[in-house]
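Take a look at the structure below.
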Amino acid sequence: MNEIVIERATDEDAAEILVLQRCCWVSEAISNNSMDIPPLHEDLPTVRAWVQQSTVWAARRGGRLVGAVRGTADGTAWQIGRLMVAPDLAGNGLGRRLLQHVEQNAPEHITSFELFTGSKSVRNIRVYTRAGYSQLPPDPSHIPGVVYLSKPNAINSE
């Protein structure tokens, strides 16, 4: 995976991110027995908007987009989302590498990292737990069927 380069995504990457996103979330829909997953229903203007409004990183091997992740500041929390890896490269460490990259590039004021995944997405939960995330207790404001996880930013947490 060393030949993969991670760089900030731009508007020009949005169409490829949309295609990769749909490829990646089909398996999530199957695992969680639900097609009601927002990444499967977003259109190009929506992806372009979050590429412009969030910090989005694109991973490329050669010219091919093989992964992406976004981070969005919410107060002192860094909301991590849309972590995706091309299905043919899944299980080779790129997801962990993207997660580490988005964490390391959080703004200086961030004290915690937060993310969520489907409650039946065993592989994702395992990756996040190994990366130091802990599941948050259920909350009425949480999306049903979703597990929320958090970890302190070791650099800025008190």
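With hydrogens and angles left out, the side-chain atoms of Ser150 and Glu114 include no donor and acceptor closer than 3.5 Å.
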Do any side-chain atoms of residues 100-107 form donor-acceptor pairs under 3.5 angstrom with protein atoms, and if so which ones, sequence neighbours left out?
{"from": "His101", "atom 1": "NE2", "to": "Asn105", "atom 2": "ND2", "distance (Å)": "3.3"}
{"from": "Glu103", "atom 1": "OE1", "to": "Lys151", "atom 2": "NZ", "distance (Å)": "3.3"}
{"from": "Glu103", "atom 1": "OE2", "to": "Tyr133", "atom 2": "OH", "distance (Å)": "2.6"}
{"from": "Glu103", "atom 1": "OE2", "to": "Lys151", "atom 2": "NZ", "distance (Å)": "3.4"}
{"from": "Asn105", "atom 1": "ND2", "to": "His101", "atom 2": "O", "distance (Å)": "2.8"}

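Salt bridge annotation for Asp88-Arg64: present, with a cationic side-chain nitrogen under 4.0 angstrom from a carboxylate oxygen. Between Glu42 and Arg48, no side-chain nitrogen of the basic residue sits less than 4.0 Å from a carboxylate oxygen of the acidic one, so the salt-bridge criterion is not met.
The closest donor-acceptor contact from the side chain of Asp74 to the backbone of Ala77 lies at 3.5 Å or more, if one exists at all. For the pair Ser119 (side chain) and Gly145 (backbone), a donor-acceptor distance under 3.5 Å is present. Formation of a donor-acceptor pair under 3.5 Å by the Arg97 side chain with backbone atoms of Ile4 is found in this model. A distance-only check finds no donor-acceptor pair linking the side chain of Asn124 to the backbone of Ser121 [under 3.5 Å].
Partners of Arg60 by salt bridge (Lys or Arg N to Asp or Glu O under 4.0 Å), not counting sequence neighbours, listed by chain and number: Asp13, Glu16.
Remark: Tyr148 OH is packed, more than 12 non-hydrogen atoms of other residues, nucleotides or ligands lying under 6.0 Å away. Remark: Asp43 CG is packed, more than 12 non-hydrogen atoms of other residues, nucleotides or ligands lying under 6.0 Å away.
By the 4.5 Å heavy-atom criterion applied to side chains, Lys120 and Ser34 are not counted as neighbours. Contact annotation: the side chain of Pro39 approaches that of Arg82 to within less than 4.5 Å [non-hydrogen atoms, C-beta and beyond]. Between Val69 and Ile80, the closest side-chain pair of non-hydrogen atoms falls below 4.5 Å.
Atom CD of Glu28 and atom CZ of Arg123 lie 9.5 Å apart (nearest 0.5 Å). To the nearest 0.5 Å, atom CG of residue Asn153 and atom OG1 of residue Thr76 are 10.0 Å apart.
Connectivity analysis of hydrophobic side chains (ILVMFWY, heavy atoms under 4.5 Å, direct or indirect) links Met35 to Ile17, Leu18, Leu20, Trp25, Val26, Ile30, Ile37, Leu40, Leu44, Val47, Trp50, Val51, Val56, Leu65, Met84.
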Worksheet item: Run the side-chain contact (heavy atoms from CB on, under 4.5 Å) check on Tyr128 and Leu99 step by step: do they pass?
Response: CA-CA 9 Å; Tyr128 300 142; Leu99 182 60; 3.9 Å; yes
Working note: Leu115 + Thr117, criterion side-chain contact (heavy atoms from CB on, under 4.5 Å); need CA distance, chi angles, decisive distance, verdict. CA-CA 7 Å; Leu115 49 78; Thr117 192; 5.8 Å; no
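Relative to the ring axis of Trp57, Arg70 does not place its NZ or CZ within 45° and under 6.0 Å from the centre.
Closest non-hydrogen pair, Gly71 versus Ser54, comes out as O-CB, 3.6 Å. The two atoms that bring Ala73 and Ile110 nearest to each other are CB-CD1, 4.2 Å, heavy atoms only. Shown here for Pro87 and Cys24, the closest heavy-atom pair between the two residues is CD-SG, 4.3 Å. Nearest heavy-atom pair across Leu98 and Ala59 is CD2-CB, 4.0 Å.
By the criterion of side-chain heavy atoms lying less than 4.5 angstrom apart, applied directly or through intervening Ile, Leu, Val, Met, Phe, Trp or Tyr residues, Val146 is grouped together with Leu136 in one hydrophobic cluster.
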